[in-house]
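Just the heavy atoms: all of them, side chains too, but no hydrogens, waters or symmetry mates, feed the values below. We count residues from 1, following the sequence as given.
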Amino acid sequence: MSACKKARAEATSVVSSDRLSSLPPELKGDILSRLNVEEAVKTSTLSSTWRDAWTNMPKIFLRDGNFARTKFVTLVDMVLSLHNGTVEMFDISGSKTYHDEFGRWMRMLSRIRPRSVTIRLNSGPGYRIPSCLFSIGDLRVLHLQNCVFSLPRVFQGFKRLTHLDLKNFSSTDIDIQNLVSFCPVLSYLKLASFEGINYLNVQAPKLKRLHVFGDFEDINLDAPNLEAAVLSLAHEAKAQQSVPIAHDKESHVKKSLGDLSGIKTLGISGIFMKYLSKWCILTKFPAVFHRLEHICLVICFWDQRQVLATCSLFQNAPNLKKLDMWVSLPPSQSLSTWDQDQASIPELTMQVQLDHLVTASVKGFRGVDYEVNFLAKLLSWAPALEEVKIEWTGKTECSMVLAKLLALPRVSPRAKVIVTF
């Protein structure tokens, strides 16, 4: 390169460097948010104009990864103590234990007052959430894992929180009820793998999406604007122990589904379906779900109670268009004992009209008679059906089962049965 060209290149480099250095602190912080925190902090050595740029990062992501524990603790302490800008998002996750430091970190975090908080420290016992975290009034998003929390005596609520995601946590009936009800604009709620909650009471007028997976004995949903819900019991025992409130045979269904007439998507596990159907087989559902277009089910076809409850749900979803099913196995008891238990349940003779059903799928299909018989019913109920996709996982010879499936009569002339292996 000639001396002239080299001089021009160096001049251009200086100009570009000056342009970056002259950017406003907010823009520098936004640029550095695209780096991991350790690399962002290292930019403080570039020049005096970059020395404090990282302290204005609007998004802070902390991962212990390959860090030694002591080095990660030092990094988190420095970031939380020296940051002086607005924090849109704070996200920390780690596989090591930080119980001794956690309270200190939460106090510093509450002073920063971020709008989104994600804490996933999954090693060791649950982290007790200090009351100072519940004082961050501007929170929009809160995602906590592996934690224990009790609401402070004076809790003003999260007036702007729209997204609440709690996993592997411990609390009480009243605390989770108050936490949800004191979030007036909450639109998304996920509660998964929890302890200490027996009666789950969800009162959320703005809620649109709900996902519940855990051990509980009863549930009440008061969410008139709910559009999508997935409800799943974690263990069989809870479905067996559950007792209807005031011995009302329909109380379970009324409390769980009665206020969800506007729902569009509904997912239910087989165990939760048993919970709903235990006292109300062939009884009328408390609502007709006129807007329900998509149902996702985890179902045990051996359990005729679940099948009957499923059919009752179909009868009350006149505009159902899409049905997805995952096959679950019966309990560990022998099939002969299971069959004897089903002998007291009436044979499935009820007629269901699925005038708008277009697509259906079955995953985990093993080719047993219970499954084939249900598909036969489905094909006879759906005049607009176009496609049934079956994912085969059976270990037995499938040729005879396939012949049965292909020979099944169907009320829809366009209905295809597609089997994948």
Side-chain angles (χ1 to χ4, degrees), residues 186-191 200-213 216 218-233 239 244-245 248-299 305-326 348 350-362 374 377-378 380-386 388 412:
L186 190 68
S187 61
Y188 176 93
L189 174 63
K190 181 176 181 179
L191 305 173
L200 186 59
N201 190 6
V202 176
Q203 299 178 26
K206 301 291 186 181
L207 193 66
K208 292 185 177 182
R209 300 184 68 85
L210 172 68
H211 185 164
V212 177
F213 177 82
F216 54 90
D218 218 332
I219 183 171
N220 177 40
L221 302 179
D222 182 5
N225 290 302
L226 195 63
E227 296 180 357
V230 177
L231 305 173
S232 180
L233 271 170
I245 296 174
D248 181 350
K249 288 186 177 181
E250 295 186 39
S251 65
H252 287 300
V253 182
K254 287 179 178 177
K255 284 188 169 294
S256 300
L257 300 177
D259 292 325
L260 306 184
S261 57
I263 199 166
K264 296 179 180 179
T265 300
L266 179 63
I268 297 180
S269 75
I271 298 176
F272 190 81
M273 185 62 74
K274 176 177 288 188
Y275 161 87
L276 290 176
S277 66
K278 184 178 179 185
W279 300 99
C280 60
I281 292 177
L282 298 179
T283 61
K284 187 177 179 181
F285 266 55
V288 177
F289 308 106
H290 290 289
R291 300 181 66 191
L292 183 57
E293 297 182 352
H294 185 192
I295 292 178
C296 302
L297 295 175
V298 180
I299 182 172
R305 286 187 176 89
Q306 293 185 34
V307 173
L308 290 169
T310 298
C311 294
S312 295
L313 179 59
F314 289 168
Q315 285 183 319
N316 288 274
N319 295 307
L320 183 66
K321 296 179 180 179
K322 184 177 181 181
L323 173 63
D324 293 313
M325 294 176 288
W326 286 260
L348 180 58
M350 63 193 303
Q351 290 299 312
V352 178
Q353 199 68 23
L354 296 174
D355 292 335
H356 299 283
L357 185 67
V358 176
T359 63
S361 69
V362 183
F374 186 85
K377 293 289 186 182
L378 190 65
S380 70
W381 292 337
L385 189 65
E386 296 180 3
V388 178
S412 170

Side-chain contact test, heavy atoms from C-beta onward, threshold under 4.5 Å: evaluate it for [X] versus [Y] and give yes or no.
X	Y	result
L207	L221	no
V288	P318	yes
L323	L354	no

Straight-line distance of [X] [atom1] to [Y] [atom2], nearest 0.5 Å:
X	Y	atom1	atom2	result
E227	K208	CD	NZ	5.5 Å
T265	L210	OG1	CG	12.5 Å
L357	D355	CG	CG	10.0 Å
T310	L297	OG1	CG	5.0 Å
N220	Q203	CG	CD	7.0 Å
T359	H294	OG1	NE2	7.5 Å

Discussion item. In terms of relative ring orientation, are F314 and W381 parallel, tilted or perpendicular, with 30° and 60° separating the classes?
Written reply: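 Plane angle over 60°, so perpendicular.
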Practice prompt. Begin with the C-alpha distance, continue with both residues' side-chain angles, and end with the deciding distance and a verdict on side chain to side chain contact (heavy atoms under 4.5 Å, CB included) for E293 and K321.
Written response: CA-CA 5 Å; E293 297 182 352; K321 296 179 180 179; 3.8 Å; yes
Fill in: Pair L378-V352, side chain to side chain contact (heavy atoms under 4.5 Å, CB included): steps then yes or no
CA-CA 9 Å; L378 190 65; V352 178; over 6 Å; no
Kindly give the heavy-atom pair with the smallest separation between [X] and [Y], and that separation in Å.
X	Y	value
R209	L226	N-CD1, 3.7 Å
A204	P224	O-CD, 4.4 Å
I295	A317	CD1-CB, 4.4 Å
F213	L233	CE1-O, 4.3 Å
I268	L313	CD1-CD2, 4.3 Å
S412	A384	OG-C, 4.0 Å

Quick one: does any side-chain atom of [X] pair with a main-chain N or O of [Y] as donor and acceptor, under 3.5 Å?
X	Y	answer
S269	S232	no
N319	H290	yes
N316	F289	no

